[in-house]
Amino acid sequence: MRVEGTHTKIASDLLAHYDVHARRLPWRAPPGSNAADPYRVWLSEVMLQQTTVAAVIPYFHAFTDRWPTVDALAGAQDADVMAAWAGLGYYARARNLLACARAVAGDLGGAFPASEERLRALPGIGDYTAAAVAAIAFGQRAVVVDANVERVVARLFAIETPLPAARPEIRAAADRITPDSRAGDFAQAMMDLGATICTPRNPACGICPLRDDCAAFRTADPAAFPVRLAKKAKPHRTGHGWWMERADGHVWLVRRPGKGLLGGMRALPSSDWSAAPDPAPPLEARWTTLADPVAHVFTHFSLSLTIHVAHLPPDVTPPGEGEWWPLERLEEAGFPTLFRRAAQAAMKESRYHA
DNA sequence: AACCCGTGGAA
DNA sequence: TTTCCAAGGGT
């Protein structure tokens, strides 16, 4: 049972600061207007999962311009949404985004549910996003815990337990300081504080509205919180990709399987990136190899992709599923970053592009 | 529970 | 240059 009024000073100090210093962001209703659109709140929250505000802003505008409502998004083609998401990363989010939009538009009559529990049941909405949408879009009291809140709370209470084991302790502390009213503003205020003042390194304690309430501020090194366990080293992998270009100015592209790494995204044909030392190319041809492999770093491994180039006669088509894509429209293919860079490298060897 | 899943900016 | 890590979710 939550005890009323235990830490109301923290919430009131923070909200007073937020009323003056809140960041103006495209998905935020202007100050004073209580008109948060659940569609825009949900879309922004999904885009912001593990992704910086600066990276999200252009994608948010592109999506809301093209699909202004959840019904419009639900009616979009899968390939269009995946291509529009290209470059933002974590592509399972885009697949779940569409599944969620279609569930809301179809089963729920176009209205997002207002309760945390029913939001949590939708695809791509976990504990954090359910709480954030319930609080920000619907004014419900919900305990919103993201990486910013974890950091701020760990510092406020100088929590010594290392992450991720500290999660229950941090959530309980966040619950204690979450107010009954303005929970959405409180959540956004905590995240603004974490993004602009209570930053991971070199926090600006001198201008922090919660300095007097902060146990970490009274220690020698506030930035030492939250404590984290050492992380494992990233393994390195190698792979091969094939650029097959036809004399009429087209290149052979494939779509990756719906699950797993870069799932559902358009791509160059490539080997798996495990151990196979010398995989066979898709077809017999006069292959040349680019001098510099494309280097790319994923979340849990780094990759060096060697690109092989062949120029094919117009009557040859590689085996398996794929499509001939016009070289002058390569930007519209919706490549994830690895293949966008691989295509850029291969285009230097292109014979058929103006 | 531990692992998988992208990208790019900051220091 | 390398390292860190961001409005996490799914399995």
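Because the structure is a prediction, the values reported are computed rather than measured. The sequence lines fix the lettering, A, B, ..., with proteins before strands; numbering per chain opens at 1. Side chains included, hydrogens not; waters and symmetry mates left out as well; all remaining heavy atoms used.
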[X] near the nucleic acid: base, sugar-phosphate alone, or nothing, with a heavy-atom cut-off under 4.0 Å?
X: A/W42; result: nothing
X: A/G263; result: nothing
X: A/K232; result: sugar-phosphate
X: A/S44; result: nothing
X: A/L262; result: sugar-phosphate
X: A/R95; result: nothing

In whole Å, what separates the [atom1] atom of [N] from that of [M]?
N: C/dG9; M: B/dG8; atom1: P; answer: 22 Å
N: B/dG6; M: C/dC4; atom1: C1'; answer: 15 Å
N: C/dC5; M: B/dC5; atom1: C1'; answer: 15 Å

With the side chain defined as heavy atoms from C-beta on, A/R23 is closest, among B/dG6, C/dA7, B/dC4, to C/dA7

Winner on side-chain proximity to A/R228, out of C/dC5, B/dC3, B/dC5, is C/dC5

Listing, residues 106-120 of chain A side-chain donor-acceptor contacts under 3.5 Å, not counting sequence neighbours, or none:
residue : atom : partner : partner atom : Å
A/S115  : OG   : A/R118  : N            : 3.1
A/R120  : NE   : A/D127  : OD1          : 2.7
A/R120  : NH1  : A/I125  : O            : 3.4

Review point. Is there a donor on the side chain of A/T337 or the base of B/dG8 sitting less than 3.5 Å from an acceptor on the other?
Key: no

Distance only, no hydrogens: is a donor on one side chain within 3.5 Å (strictly under) of an acceptor on the other, for A/W27 and A/T64? no

**Asked** Between A/D13 and A/R211, does at least one N-O distance fall below 4.0 Å, as a salt bridge requires?
**Response** no

Those residues at least two apart in sequence (or on a different chain) that pass side chain to side chain contact (heavy atoms under 4.5 Å, CB included) with A/D78 are A/L98, A/R102

Assert: residue with more 5' nearest nucleotide on DNA chain C, out of A/N96 and A/R151, is A/R151

